[in-house]
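Read the numbers this way: they start at 1 and go in the same order the structure lists the ligands and their atoms. Count residues from 1 along the sequence.
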Amino acid sequence: MRTQVAIIGAGPAGLLLGQLLTRHGIDNVILELRSADYVLGRVRAGVVEKGTADMLDEAGVGARMHSEGLVHDGVELAFGGQRHRISFRDLIGKAVIVYGQTEITRDLMEGRAAAGATTVYEAEDVSLHDIESDRPKVRYRHKGVEQELDCDFIAGCDGYHGISRRSIPDTVLRTYERVYPFGWLGILVDRPPVSEELIYANHERGFALCSMRSPTRSRLYIQCSLEDRVEDWSDERFYEELKRRLDDEAARRLEPGQSFEKSIAPLRSFVAEPLRHGRLFLAGDAAHIVPPTGAKGLNLAASDVFYLWQALLDFYKRGSSQGIDAYSGRALARVWKAERFSWWMTSMLHRFPESSGFDRKIQQAELDYLRSSQAAQISFAENYVGLPY
Ligand code: FAD
Ligand code: DHB
C-alpha cells in the first residue's frame, strides 16, 4: 500500500490531521492499535479552545459541537470558603466551549468515514522504517497478515505510550519531565452540574473540579493519592470528599448519583524535542503531556496539528519545505507556554504532600493576587481560552 502521509494513531491529533489533509486532497492512511469502539470508550478532556473549535470547523466536523456544546464565558475559582468568578468575556472578549473529547472523536470518525479515507483499526506491531530517507515506510500486522505502507511522511500521533517518539534515536531526542505526587480521580454521572460554569477548587484536603458534559451530565474530579485504586472509592466516599472541598452553596447543590465511569489519572508534565526527525513528525501526546488542570492536552494536540497541516500544505501545494523545517520550533514555542500555564495552575490549586508552611503561604498569596488583580485575571483568561496560533 502507498499513501502520501501515514498517520499513526486515531486519537484527536491523528483524526484531525487526517481530516484536514483529506479535505485538501492529500492522501493519508491512519493506523490505530485499538478498535474504534475502544477509542470511543475513553473518557478524557472536556474544554475546547476557540482555536481548536476553528480547526474542527475547518475540518468540516464542527456542526454538532456548535449545537450541543456549551459556550462558557468564564470559570469559578473556589478557595477560602468562597467562589470567585473570572469572566473571559469581560476581560478579553473570548469564551471556551465545553464539549467532550469522546464526542469530538466520534465527529471526526464520522467525517472520515463520509470522506472515504482509510483507517486501519487493530493494526498491531506498528514499526517505522527509513525515516531519515525520502521514502519512509511503516510495517504492521493486521488480522494476522504482515503489511507495509510506503509514504512520503509519517505523522506520529500515537500518544504518550506510542512507538513514534521511541523511533527517534536517543542521540537526537531530548526529554523534559516533572511527575506530580498525586492523581485525579474522575467520575461521570447523569446529574445536573452544580453550577453553570466550571469550579476549580483549592482546599486543604486537596484540589477538586466540577465540570460537565451537558446540562444533565456532570464530570467531577478530586485530587487523590497515587496509591489509591478506583475500588477504594465508592460513589458515597467520592461525594463526601468532594462536598468537603467545595464552598457551602456548591456543596448543597451537589446531587449524588450513580457514576457510570470512574478512573484515576496520574499527573505529569513532559516534553520531547525536537518534534521532527527526518520524515517523521510528532504531534499531540506523542510529544508532550500536560497535567490536566489547565485543560490544555487536547487543545495542544490541535495546535500541533495546525502547524503540521500548514507545513504539509506548503510542501504539497507550494513545493516548499519551509513549513516542514519550521514545524518543530513553531509548535514547541506554543507547547512550552501551555506547559507553563498547566504547571502553574497545578501548583496553585493542589495540595502537595511535601509542602512547607512557606509554600502554602505563597499559594494563598497567588490565589489572592488572582482574585484581586485585573492584570492577573487577564493573564489567566488569555492562557485559559488559548494563546493564538
Ligand atoms: P491520544 O488521544 O492518546 O491518541 C493516540 C492514539 O494512538 C490512541 O488512539 C492510541 O490507541 C493510538 N496508539 C498508541 N500506540 C499505538 C501504536 N503503537 N500503533 C498505533 N496506534 C497507537 N486533557 C484535558 O485537557 N483534560 C482532561 O481531563 C484530560 N484527561 C485525560 C485522562 C487520561 C487518562 C489521559 C491519558 C489523557 C487526558 N487528557 C486530558 C489529555 C488529552 O485527552 C490528550 O492530550 C489527548 O487525547 C491527546 O490526543 P492525541 O491524539 O495526541 O493522543
Ligand atoms: C475537564 C477536564 C479538565 O482537565 C479541565 O481542566 C476542565 C474540564 C473535563 O473533563 O471536563
Side-chain angles (χ1 to χ4, degrees), residues 6-18 30-36 38-49 52 70 72 75 96-102 104-105 108-109 119-128 138-142 154-167 183-188 193 197-200 207 209-214 217-221 261 263-268 270 282-305 335 338 341-342 345-346 349 384 386:
I7 299 174
I8 318 299
L15 287 166
L16 181 57
L17 178 65
I30 298 184
L31 303 177
E32 163 61 48
L33 174 64
R34 307 288 190 170
S35 68
Y38 182 97
V39 172
L40 283 172
R42 292 186 298 220
V43 178
R44 292 181 170 179
V47 175
V48 178
E49 293 175 357
T52 305
L70 309 170
H72 280 204
V75 289
V96 293
I97 301 177
V98 174
Y99 186 65
Q101 178 169 334
T102 313
I104 291 178
T105 308
L108 283 163
M109 280 181 177
T119 310
V120 180
Y121 287 100
E122 302 183 78
E124 293 175 284
D125 278 338
V126 172
S127 60
L128 313 185
V138 184
R139 297 208 179 100
Y140 62 99
R141 196 172 55 251
H142 189 233
I154 301 171
C157 302
D158 49 351
Y160 182 69
H161 299 288
I163 45 87
S164 297
R165 188 180 66 252
R166 283 182 270 131
S167 306
W184 277 20
L185 169 65
I187 67 165
L188 261 181
E197 293 176 339
L198 272 59
I199 303 175
Y200 287 88
F207 169 80
L209 168 59
C210 299
S211 180
M212 64 196 73
R213 287 293 176 273
S214 74
R217 181 169 290 181
S218 292
R219 177 71 166 154
L220 305 166
Y221 298 96
E261 200 271 348
S263 52
I264 292 180
L267 270 68
R268 173 194 306 271
F270 173 86
L282 300 179
D285 278 16
H288 40 73
I289 298 287
V290 285
T293 326
K296 290 282 161 258
L298 166 67
N299 292 300
L300 269 190
S303 62
D304 284 356
V305 165
V335 164
F341 179 68
S342 306
M345 255 189 102
T346 303
L349 291 171
Y384 193 91

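- Nearest non-hydrogen protein atom to atom 42 (C) of ligand 1 is Gln101 OE1, 3.6 Å.
- Arg44 NH2, 3.3 Å is the protein heavy atom nearest to atom 36 (C) of ligand 1.
- Taking only non-hydrogen atoms, the option from Ser218, Ala265, Ser211 nearest to atom 11 (O) of ligand 2 is Ser211.
- Less than 4.0 angstrom separates some heavy atom of Arg44 from each of these atoms of ligand 2: 10 (O).
- Comparing Pro12, Ala10, Gly11 against atom 49 (O) of ligand 1, the shortest heavy-atom distance belongs to Pro12.
- With a heavy-atom cut-off of 4.0 Å, Val98 does not touch ligand 2 at all.
- Close approach of ligand 1 to Ala295 is summarised as follows: ligand atoms under 4.0 Å from at least one heavy atom of the residue are 25 (O).
- The shortest contact between atom 34 (C) of ligand 1 and any protein heavy atom is with Ala265 CB, 4.1 Å.
- Of all the atoms in ligand 1, the ones that sit under 4.0 Å from a non-hydrogen atom of Gly297 are 25 (O), 45 (O).
- Only side-chain heavy atoms of Trp184 come within less than 4.0 Å of ligand 2; its backbone N, CA, C and O stay farther off.
- Which of Pro291, Gly294, Pro292 comes nearest to atom 3 (C) of ligand 2 through a heavy atom is settled by distance: it is Pro292.
- The protein heavy atom nearest to atom 10 (O) of ligand 2 is Tyr221 OH, 2.6 Å.
- At the shortest separation from atom 7 (C) of ligand 2 among protein heavy atoms lies Tyr200 OH, 3.2 Å.
- Under the 4.0 angstrom criterion for non-hydrogen atoms, Ala123 is not in contact with ligand 1.
- Looking from atom 21 (N) of ligand 1 to the surrounding protein, the closest heavy atom is Leu33 N, 3.1 Å.
- Of all atoms in ligand 1, numbered sequentially from 1 with element shown, those under 4.0 Å from a heavy atom of Val126 are 19 (N).
- Every residue two or more places apart in sequence or in another chain was checked for a side chain to side chain donor-acceptor pair (under 3.5 Å) with Tyr38, and none qualifies.
- Remark: ligand 1 atoms within the under-4.0 Å shell around heavy atoms of Gly159 are 3 (O), 5 (C), 53 (O).
- The proximity of Arg213 to ligand 2, defined as any non-hydrogen pair under 4.0 Å, is limited to the side chain.
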